[in-house]
**Q** 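Input: one structure, supplied below.
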Amino acid sequence: MTDLGPDPAARGATAPGGDRPPWPPGPRQPPRPRRAPGAPRGLLPPLATLAAIGAAFTYVGLVDPNESGHYPVCPLYALTGLYCPGCGGLRSAHAVAHGDLVTALGANAVAVAGYAVFAVGWLVWLVRARKGLPAPLPRRPVHWWAIGAVFLVFTVVRNLPFGSWLAP
């Protein structure tokens with residue numbers, strides 16, 4: 001017995017009672033070409049994200065969150081008196097927008113670390129988008145659990161007497 005290849009039509013197979021092969025050979029789809037490096041469509045998402053983050057930091061830099069009435073009060077703080085991981089985040093963004101890193105760290109150290117991590121991640125995303133590659137995101141659950149654990153520890157410590165230096 002001679003094997004003529006994996007295609008049943010090449011072996012002479014026909015459909016029951018028919019003159020056609022059981023699965024007609026369709027047109028082969030060429031492999032999808034990667035975008036050319038630096039393609040404008042690939043750069044649109046990271047650049048749009050930069051524009052949105054820039055607009056948000058500009059607004060927070062212009063409208064001082066230290067003055068009451070411009071931003072809502074944290075619901076967790078209003079109901080319980082406890083600081084959530086985001087409490088002080090707007091004040092830290094305001095301080096970063098004005099170049100005051102010490103005040104920003106005092107308002108919310110995790111937010112400042114998040115700004116730095118985001119900046120590095122955004123640069124990696126931009127470089128990969130320029131090369132036509134997808135955005136890198138942590139895909140393993142252990143990464144997300146670790147981030148959640150950092151937020152949880154930060155929240156607990158900033159609400160204890162010895163962690164009051166982390167409170168906004």
**Q** Work out which heavy atom in Pro168 is nearest to a heavy atom in Arg158; give both atom names and the distance.
**A**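 Shortest heavy-atom contact: CD-NH2, 3.2 Å.
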**Q** Do Val117 and Val110 land in one hydrophobic cluster if side-chain heavy atoms of ILVMFWY residues count as linked below 4.5 Å?
**A**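 Different hydrophobic clusters.
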**Q** Using every non-hydrogen atom in the two residues, find where Gly89 and Ala111 come nearest and quote the distance to one decimal.
**A**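 Answer, listing the atom of Gly89 first, then Ala111: CA-CB, 4.3 Å.
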**Q** Is there a path from Trp165 to Val156 through hydrophobic residues (I, L, V, M, F, W, Y) whose side chains come within less than 4.5 Å of each other?
**A**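 As far as the 4.5 Å side-chain criterion goes, Val156 and Trp165 are connected within one cluster.
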**Q** Where do Cys87 and Asn108 come nearest, in terms of heavy atoms and distance?
**A**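 Result for this residue pair: O-ND2, 3.1 Å.
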**Q** Between Thr103 (side chain) and Asp100 (backbone), is there a donor-acceptor pair under 3.5 Å?
**A**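 No, because the side chain of Thr103 does not come within donor-acceptor range (under 3.5 Å) of the backbone of Asp100.
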**Q** Could you check whether any side-chain heavy atom of Tyr77 comes within less than 4.5 Å of a side-chain heavy atom of Cys84, counting everything from C-beta outward?
**A**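 Contact flag for Tyr77/Cys84 side chains = no.
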**Q** Is it true that atom OH of Tyr115 has more than 12 heavy atoms of other residues, nucleotides or ligands lying nearer than 6.0 Å?
**A**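 Count over threshold, so yes.
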**Q** Identify the heavy atoms of Ala107 and Arg91 that sit nearest to each other, and give their distance.
**A**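 Smallest interatomic distance, heavy atoms only, reads CB-CB, 3.9 Å.
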**Q** Which distance, rounded to the nearest 0.5 Å, do you find between the CG of Leu62 and the CZ of Phe57?
**A**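 These two atoms lie 13.0 Å from each other.
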**Q** Distance check, rounded to the nearest 0.5 Å: His98 atom NE2 versus Asp64 atom CG?
**A**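 If we round to the nearest 0.5 Å, His98:NE2 and Asp64:CG are 7.0 Å apart.
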**Q** Would you give the length of the straight line joining atom CH2 of Trp122 to atom OG1 of Thr49, rounded to the nearest 0.5 angstrom?
**A**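 Interatomic distance, Trp122 CH2 to Thr49 OG1, rounded to 0.5 Å: 9.0 Å.
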**Q** For residues Thr155 and Tyr83, determine if any side-chain heavy atom of one lies less than 4.5 Å from a side-chain heavy atom of the other.
**A**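 Thr155 vs Tyr83: side chains apart.
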**Q** Compare every heavy atom of Asn66 with every heavy atom of His94, then report the nearest pair and how far apart it is.
**A**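 Closest approach of His94 to Asn66, heavy atoms only: CD2-ND2, 4.3 Å.
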**Q** Nearest heavy-atom pair of Val60 and Leu90: which atoms, and what distance?
**A**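 Closest approach of Val60 to Leu90, heavy atoms only: CG1-O, 3.5 Å.
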**Q** Applying the 4.5 Å side-chain criterion to the ILVMFWY set and letting contacts propagate, would Phe151 and Trp144 be lumped into a single cluster?
**A**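 Shared cluster, yes.
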**Q** So if you build clusters from Ile, Leu, Val, Met, Phe, Trp, Tyr with side-chain heavy-atom gaps below 4.5 Å, do Leu133 and Val124 land together?
**A**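 Looking at the clustering, Val124 is in a separate group from Leu133.
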**Q** Nearest 0.5 angstrom please: Leu82 CG to Leu76 CG, how far?
**A**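 Atom-to-atom, Leu82:CG and Leu76:CG are 5.5 Å apart.
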**Q** Following the transitive rule for hydrophobic clusters with a side-chain heavy-atom cut-off under 4.5 Å over Ile, Leu, Val, Met, Phe, Trp and Tyr, establish whether Ile53 and Tyr59 coincide in one cluster.
**A**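 Not linked; separate clusters.
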